[in-house]
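Okay, structure first, notes after.
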Amino acid sequence: MIRLGVNIDHVATLRNARGGSHPDPVAAALLAQKSGADGITAHLREDRRHIRDEDMNRLRRELSVPLNFEMAATEEMVALACALGPHACCLVPEKREEVTTEGGLDVLGQAGDLALKIERLKAAGIRVSLFVDPEATQIETAARIGADVVELHTGAYAHHPGDVEFGRLCDGAAVAVSCGLELHAGHGLTYDNVGPVAGLAGLKELNIGHFLIGEAVFSGLPAAIARMRQAIAAGALFRAGAR
Ligand SMILES: CC(=O)[C@@H](O)[C@H](O)COP(=O)(O)O
Ligand SMILES: NCC(=O)COP(=O)(O)O
């Protein structure tokens with residue numbers, strides 16, 4: 001079964017809008033856990049625009065499902081992650097001026113530095129995922145430098161959900177599996193576009209946040225999670241039948 005990781009960043013965005021403590025992203029994570037989320041993803045950005053350090057500390061203490069700590073591959077974040085000890089870290093590119101994550105990590109261009117950071121994180125007992133575009137050289141390099149997981153950036157597919165971008169995801173998925181990497185995917189996924197992604201051969205986990213939190217405004221988080229899980233299951237079943 002494909003695991004659903006719920007990203008709670010944008011509960012924190014709403015909380016921070018007024019500088020208070022409501023809605024509490026940790027309470028949202030606990031509700032997501034109770035509603036069937038297989039894991040929680042939270043992105044501690046360098047600018048702390050949404051998730052903050054104390055949120056991460058509380059998530060680590062209070063969750064019983066795995067915590068996926070999304071972070072830039074910086075010395076500050078590696079030190080924080082090693083001290084916190086989440087189940088996994090997902091290394092993502094960050095630019096302060098970006099609205100959201102724009103592309104995948106340049107694994108090839110940063111291979112040496114990333115290899116050392118991966119080694120430190122794994123020595124702390126943390127599984128390491130790299131957030132990458134579905135490009136063979138990036139995925140192959142991720143395997144070569146010791147990553148456990150690659151998470152394919154589905155943003156381009158989400159913006160252009162046609163055969164070209166989906167074909168890139170299929171090719172990237174095949175490379176990841178052939179390299180022995182665990183295959184995850186995420187970014188910009190919705191009820192309507194998640195199905196084909198859920199059918200990617202070898203997919204183990206989807207991380208979904210912004211759309212789910214938006215839907216929760218209308219239908220509540222439990223119902224949004226339940227509907228997303230149905231969309232994922234339908235997609236996986238369809239693709240399995242098509243193979
Ligand atoms: C890497 C990715 O696509 C998301 O998990 C990331 O958290 C997006 O950043 P924001 O949540 O700040 O939009
Ligand atoms: N890594 C992707 C993620 O955690 C959620 O991305 P999004 O659904 O908020 O775009």
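Since the model is a prediction, treat every value here as computed from it, not as a measurement. Order of appearance sets the numbers: ligands from 1, and atoms from 1 within every ligand.
Atom 8 (O) of ligand 2 has as its closest protein heavy atom Gly209 N, 2.7 Å. Of the protein's non-hydrogen atoms, Asp9 OD2, 2.6 Å is the one closest to atom 11 (O) of ligand 1. Counting protein heavy atoms only, atom 4 (O) of ligand 2 is closest to Asn7 ND2, 2.9 Å. Here the protein heavy atom with the shortest distance to atom 6 (O) of ligand 2 is His187 CA, 3.6 Å. Ranking protein heavy atoms by distance to atom 9 (O) of ligand 1, first place goes to Arg45 NH2, 3.2 Å. The protein non-hydrogen atom at the shortest distance from atom 13 (O) of ligand 1 is Thr100 OG1, 2.6 Å. The protein atom (non-hydrogen) at minimum distance from atom 3 (O) of ligand 1 is His187 ND1, 2.4 Å. Counting protein heavy atoms only, atom 9 (O) of ligand 2 is closest to His210 N, 2.8 Å. Remark: minimum distance from atom 4 (C) of ligand 1 to any protein heavy atom is reached at Glu70 OE1, 3.4 Å. When only non-hydrogen protein atoms are considered, atom 10 (O) of ligand 2 lies nearest to Gly188 N, 2.8 Å. What sits closest to atom 2 (C) of ligand 2 on the protein, heavy atoms only, is Glu151 OE2, 3.3 Å.
Close approach of ligand 2 to Thr41 (heavy-atom distance below 4.0 Å) involves ligand atoms 4 (O). Within ligand 1, the atoms closer than 4.0 Å to a non-hydrogen atom of Val92 are 1 (C), numbered from 1 in the order shown. Taking every heavy atom of Asn7 and a limit of under 4.0 angstrom, the matching atoms of ligand 1 come to 5 (O), 7 (O). Less than 4.0 angstrom separates some heavy atom of His50 from each of these atoms of ligand 1: 10 (P), 11 (O), 12 (O).
Between Glu98 and Arg49 there is no salt bridge, since none of the side-chain N atoms of the basic residue sits less than 4.0 Å from a carboxylate O of the acidic one. Lys122 and Asp148 are joined by a salt bridge, as a carboxylate oxygen and a charged side-chain nitrogen come within less than 4.0 angstrom of each other. Using a 4.0 Å cut-off between a side-chain N of Lys or Arg and a carboxylate O of Asp or Glu, Glu75 and Arg120 qualify as a salt bridge. Salt-bridge check for Glu151 with Arg3: failed, with every basic side-chain N at 4.0 Å or more from each acidic carboxylate O. Under 4.0 Å is where a charged nitrogen must lie from a carboxylate oxygen, and between Lys117 and Glu76 no such pair does.
Considering all non-hydrogen atoms of both residues, Cys89 and Ile126 come closest at N-CG2, 3.5 Å. Closest approach of Ala201 and Leu183 over heavy atoms only: O-CD2, 3.6 Å. Between Phe69 and Ala81, the shortest heavy-atom contact is CE1-CA, 4.1 Å. When all heavy atoms are compared, the tightest approach of Ala29 to Ile8 is CB-CD1, 3.9 Å.
Side-chain contact, Asp113 with Gln110: no donor N or O sits under 3.5 Å from an acceptor N or O. With no hydrogens or angles considered, a side-chain donor-acceptor pair links Ser64 and Gln33 at under 3.5 Å.
Within the 4.0 Å heavy-atom criterion, both parts of Asn207, backbone and side chain, lie near ligand 2. Residue His10 does not touch ligand 2, judged by heavy-atom distances below 4.0 Å. The proximity of His10 to ligand 1, defined as any non-hydrogen pair under 4.0 Å, is limited to the side chain. Residue His43 does not touch ligand 2, judged by heavy-atom distances below 4.0 Å.
Checking only distances, Arg49 never comes within under 3.5 Å of ligand 1, N or O to N or O.
Taking the six-membered ring where the residue is Trp, His10 and His50 present perpendicular rings, their angle passing 60° and hence far from 30°.
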